[in-house]
Amino acid sequence: MPLRFYNTLTQEVELFRPLEDNLVRMYTCGPTVYNYVHIGNFRTFTFQDILRRWLKYRGYQLNHVMNVTDVDDKIIAGAAREGKSIADYTAVYTKAFFEDAATLRLQQPEHVAPATKHIAQMVDAIEKLSAHGSTYTNDGSTYFRITTFPEYGKLSHNDFSGMKTGARVDVDEYDKADARDFVLWKARKGDEPYWDTPFGAGRPGWHIECSAMAMAYLGETLDIHAGGIDLVFPHHENEIAQSESITGKSFARYWLHSEHLHIESQKMSKSLGNFYTLRDLLGQGYAPEAIRYLLASVPYRKKLNFTFEGLKAASKTIERLRDFELRLTSTKLPRGRNDAIAERSAQAIRAFEDALDDDLNTAEALAAIFEYVREINSALDAGEFREENRWDAAKVLEVFDSVFDVLKPSETTGAQADSLSDAEIEKLVTERNQAKKARDFARADAVRNQLLEQGIVLEDTKEGVRWKRK
RNA sequence: GGCGCGGUAGCCAAGUGGUAAGGCAGAGGUCUGCAAAACCUUUAUUCGGCGGUUCGAUCCCGCCCCGCGCCUCCA
């Protein structure tokens, strides 16, 4: 079965076909850099990374744009609190975000677009909307009038046709003619940062930034627009209203939304205060790969309940895969190739591909890998696995890791960094072997314990000693 | 109230109209000087509840119960 995605717009799983050949134009909503993002946010970014990697695996060329919102109410407030310019203030969190993303092995989009670097594009978009008759102004702010866009609500599947008009609702300290109208340009207030424009001094509303930047980089119609499920309404609905009012064309063909990460059955969020940052978890000794695995292992349209038990399970699971990889490379094998195993390996890859083609069903893809691992372990036990099958199995792991990217341990830090070198370990292992040969088990055990204290685990196998860092 | 998602073993979780993937934990075993590590085996007569359709439903329909999200900034 070919690649399929669930499209929020149609509420159906659809075959994926880009507009143009094998080029995928993709836009994803990035962070607002007013603080460290939490792992709930990273659940979405990890989903986007899996999506990126799978599209590339399937041979598509990507043009992926991610925005960085670096001017908004929280940023202005935070910068004022610290007596910094918004540029200085957001630089800290922007840097932190990309460091964290790299730690989680998230691939960089082809373009990262900070809002403040694209004010001209936003001004241009607002002028076009104004010319189109979609806007009105009030106290120096410019608003989008949603009654000018009859399809408003088509993404979130809300019916606004019977809504009240004319009611004045004070939201966000700006007066709007209609509760559902949204601000395109906020009038300058007090000491807040501002830009001069033909429609007055001020700063952009949030929604216009994505419409303006997406179209600036990717053209009038995107293939994929992705983000967290909470952005469906109003953010993405508003993007559609703005963009399609300007172009008269479909803004994005496939809308993909990831479910939230929950903690104690509630979504993780800054305002609820129930969040962990990546740095919190790393500080508790969890490996980035374990966090990445946990975030990726639950299919993106399912709520993911974050627990430390789950994080520990993820750590163990990765260890199992690494043990398998180690066994594959370290075991002495008879010459030749077992064709059944070669075929089984190809079949594992097909099952893995089928699962991810099916709207990125990562849980099923992982199941395909683990079934394979178990069967190959048995084949190794039975002596059925031969020298040339190494390549078959390595290929399976390579395909797996091209998407999940958890096999390679992260750079060790702190205590482990100044641990023993490989040569030192080998020397002690040899020493222990000699002691064992001499039946000096006390000495052998002493060496074993010494290594264990340094985080080195010895495995006595039929073919001798294998060691690994814990 | 409107829109949407979900309730599958101790925990996480896939899935199909024909009688339940996978991971973690638990139990047993193989290996071993003893261990450890690793590996293997095993663990739901049952899929929130009640009806209905069907030869047959966890999977389709209806009702109910429970949890969650959006409707305001939000991944």
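Lettering follows sequence order; numbering is per chain, from 1.
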Which part of the nucleic acid, if any, lies within contact of [X], taking any heavy atom under 4.0 Å across all strands shown: a base, the sugar-phosphate backbone alone, or nothing?
X	answer
A/P31	nothing
A/S265	sugar-phosphate
A/Q11	sugar-phosphate
A/D72	nothing
A/G40	base

Does a side-chain N or O of [X] approach OP1 or OP2 of [N] to a distance below 4.0 Å, or not?
X	N	result
A/K267	B/C70	yes
A/K302	B/A14	yes
A/N305	B/G6	no

Give every donor-acceptor pair under 3.5 Å between a side-chain atom in residues 309-318 of chain A and any protein atom, sequence neighbours left out.
residue	atom	partner	partner atom	Å
A/S315	OG	A/L311	O	3.0
A/T317	OG1	A/A313	O	2.7

Could you label the plane-to-plane angle of the A/H38 and A/F275 rings as parallel, tilted or perpendicular, counting under 30° as parallel and over 60° as perpendicular? tilted

Students often mix this up, so state it plainly: with edges at 30° and 60°, are the rings of A/Y286 and A/F308 parallel, tilted or perpendicular? tilted

Provide, to the nearest angstrom, the distance between the CG atom belonging to A/D358 and the P atom belonging to B/A13. 18 Å

Would you kindly give the CZ-to-C1' distance between A/R432 and B/A36, to the nearest whole Å? 9 Å

Please determine, for the side chain of [X], which listed nucleotide ([options]) has the closest atom?
X	options	answer
A/H262	B/C68, B/A75, B/G23	B/C68
A/D230	B/C34, B/G67, B/C70	B/C70
A/T317	B/C34, B/G4, B/G23	B/G23
A/N41	B/A75, B/G33, B/C70	B/A75
A/R180	B/G69, B/G33, B/C71	B/C71
A/R448	B/A21, B/C24, B/C34	B/C34

Nucleotide N/O of nucleotides 38-41 of chain B paired with protein N/O under 3.5 Å:
residue	atom	partner	partner atom	Å
B/A38	OP1	A/D323	OD2	3.4
B/C39	O3'	A/N377	ND2	3.3
B/C39	O2'	A/D381	OD2	2.7
B/C40	OP1	A/R374	O	3.3

In Watson-Crick or G-U wobble terms, both distances under 3.5 Å, what is the partner of B/C73? none

I'd like to know if A/R53 and A/D49 make a salt bridge, using a cut-off of under 4.0 Å between side-chain N and carboxylate O. yes

Say whether A/Y57 and A/E353, considering side chains only, have a donor N or O and an acceptor N or O under 3.5 Å apart. yes

Write down the distance separating the C1' atoms in B/G67 and B/C61, rounded off to the nearest Å. 23 Å

I'd like the P distance from B/G48 over to B/U8, given in whole Å. 7 Å

Going by atom type alone, with no hydrogens or angles, which donor-acceptor pairs under 3.5 Å involve a side-chain atom of residues 258-265 of chain A and a protein atom two or more places apart or on another chain?
residue	atom	partner	partner atom	Å
A/S258	OG	A/T44	OG1	2.9
A/H260	NE2	A/D230	OD1	3.4

Using the six-membered ring of A/Y6, assess whether NZ or CZ of A/R301 lies under 6.0 Å from its centre and within 45 degrees of the ring axis. yes

